[in-house]
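To start, the structure under review is shown below, and the notes come after it.
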Amino acid sequence: MRVNELLDIKFSDMLKKQTLMIDTNSSIADAASEMIRNNINSLLVAEKGKLVGIVTDKDIVKAVANKLDPSSNIQKIMTRTVITINGDEDVLEVLDTMLNNEIRHLVIRKNGNIVGTITRRDIISYILLFSKEWPSSWR
């Protein structure tokens with residue numbers, strides 16, 4: 001795969017896993033358990049089916065470090081501003097959005113519906129996977 005082909009990949013085409021949501025009435029412990037059970041590092045937070053935030057493993061680590069009670073409501077630690085993309089962006093646009101907003105997760109929406117999330121780790125893994133096909137002079 002050539003570099004320009006990599007840049008043409010749309011992230012909505014890469015989605016393989018369903019994005020999980022947790023209700024705003026859930027606790028920090030509930031969120032941590034759900035992440036461990038599903039081997040994921042973020043959950044979208046919904047209220048009456050509507051996206052209102054995101055909580056990540058980093059948020060939970062901060063809560064533990066600050067000795068916040070695990071039974072506390074998830075709303076105490078969630079990020080309320082969720083940045084979304086439409087999935088038609090290329091690799092550089094997605095990375096630029098993440099870096100400029102100092103975030104590790106982006107939500108992908110199509111026709112107003114959430115279809116998945118993308119993380120910096122997903123992007124790096126994808127690039128590394130396909131870099132094996134690049135000529136050695138490009139590496």
Side-chain angles (χ1 to χ4, degrees):
M1 176 174 277
R2 298 188 183 281
V3 173
N4 63 335
E5 290 175 282
L6 177 65
L7 295 177
D8 288 338
I9 293 168
K10 305 305 177 200
F11 288 97
S12 56
D13 298 333
M14 290 174 44
L15 294 176
K16 294 184 182 103
K17 60 187 177 196
Q18 183 177 354
T19 301
L20 298 179
M21 290 196 171
I22 194 165
D23 188 82
T24 53
N25 295 322
S26 301
S27 69
I28 295 168
D30 293 335
S33 295
E34 192 72 17
M35 287 182 198
I36 289 168
R37 186 173 31 261
N38 290 286
N39 195 29
I40 56 175
N41 59 13
S42 69
L43 289 166
L44 299 182
V45 182
E47 185 170 49
K48 297 179 184 172
K50 182 182 176 201
L51 178 66
V52 295
I54 186 170
V55 65
T56 68
D57 54 353
K58 190 174 177 181
D59 297 324
I60 292 173
V61 168
K62 283 182 187 176
V64 170
N66 290 323
K67 298 180 177 29
L68 195 60
D69 184 348
S71 65
S72 297
N73 189 286
I74 199 70
Q75 294 181 66
K76 287 189 175 184
I77 66 167
M78 74 180 193
T79 300
R80 294 182 185 278
T81 303
V82 181
I83 298 174
T84 65
I85 60 174
N86 64 24
D88 292 331
E89 295 85 349
D90 65 38
V91 174
L92 294 179
E93 289 173 305
V94 172
L95 285 173
D96 184 60
T97 299
M98 288 178 165
L99 292 172
N100 284 329
N101 291 285
E102 298 179 2
I103 57 175
R104 298 178 298 145
H105 303 79
L106 280 171
V107 174
I108 301 174
R109 287 186 188 257
K110 282 286 184 193
N111 302 320
N113 298 316
I114 296 169
V115 296
T117 56
I118 190 90
T119 67
R120 278 192 251 173
R121 180 177 289 179
D122 294 332
I123 296 167
I124 291 167
S125 297
Y126 198 74
I127 290 170
L128 290 175
L129 174 70
F130 285 100
S131 69
K132 293 175 184 172
E133 297 178 19
W134 294 347
S136 59
S137 61
W138 292 9
R139 287 184 241 165

Does S71 offer a backbone N or O that forms a donor-acceptor pair with the side chain of D69 under 3.5 Å? yes
Using the rule side chain to side chain contact (heavy atoms under 4.5 Å, CB included), only one of I114, I85, V115 pairs with V107; which is it? I114
Under a 3.5 Å cutoff, is there a donor and acceptor pairing between the side chains of S26 and D23? no
According to a 4.5 Å side-chain heavy-atom criterion applied to Ile, Leu, Val, Met, Phe, Trp and Tyr, with indirect links allowed, do I123 and I103 form part of one hydrophobic cluster? yes
Could you pull out the closest heavy-atom pair between S27 and P70, with the gap in Å? CB-O, 3.6 Å
Hey, which of L20, L43, L44 is the one that makes side chain to side chain contact (heavy atoms under 4.5 Å, CB included) with T117? L44
Under 4.5 Å between side-chain heavy atoms, counting indirect links through other Ile/Leu/Val/Met/Phe/Trp/Tyr residues: same cluster for I22 and I28 or not? yes
Report the distance from atom CD1 of I77 to atom CG of L68, rounding to the nearest 0.5 Å. 7.0 Å
Counting only pairs under 3.5 Å, give me each side-chain donor-acceptor contact of residues 94-101, with atom names and distances, residues two or more places apart or in other chains.
{"residue": "D96", "atom": "OD1", "partner": "N100", "partner atom": "ND2", "Å": "3.1"}
{"residue": "D96", "atom": "OD2", "partner": "N100", "partner atom": "ND2", "Å": "3.1"}
{"residue": "T97", "atom": "OG1", "partner": "E93", "partner atom": "O", "Å": "2.9"}
{"residue": "N100", "atom": "ND2", "partner": "D96", "partner atom": "O", "Å": "3.2"}
{"residue": "N101", "atom": "ND2", "partner": "T97", "partner atom": "O", "Å": "2.7"}

Kindly say whether Q75 contributes a backbone atom to a donor-acceptor pair with the side chain of N73 at under 3.5 angstrom? yes
Just distance, no hydrogens or angles: give the donor-acceptor pairs under 3.5 Å from side chains in residues 45-56, sequence neighbours left out.
{"residue": "T56", "atom": "OG1", "partner": "K58", "partner atom": "N", "Å": "3.3"}
{"residue": "T56", "atom": "OG1", "partner": "D59", "partner atom": "N", "Å": "3.3"}
{"residue": "T56", "atom": "OG1", "partner": "D59", "partner atom": "OD2", "Å": "3.3"}

Identify whether the distance between the nearest side-chain nitrogen and carboxylate oxygen of D30 and R37 falls below 4.0 Å. no
Indicate yes or no: at least one non-hydrogen side-chain atom of I36 is less than 4.5 angstrom from one of S33. no
Group every Ile, Leu, Val, Met, Phe, Trp and Tyr by side-chain heavy-atom contacts under 4.5 Å, then state whether I74 and V82 land in the same group. no
When you compare the side chain of I118 with that of H105, does any pair of heavy atoms fall below 4.5 Å? no
If you look at every heavy atom in K76 and S72, which pair is closest and at what distance? CD-CB, 4.0 Å
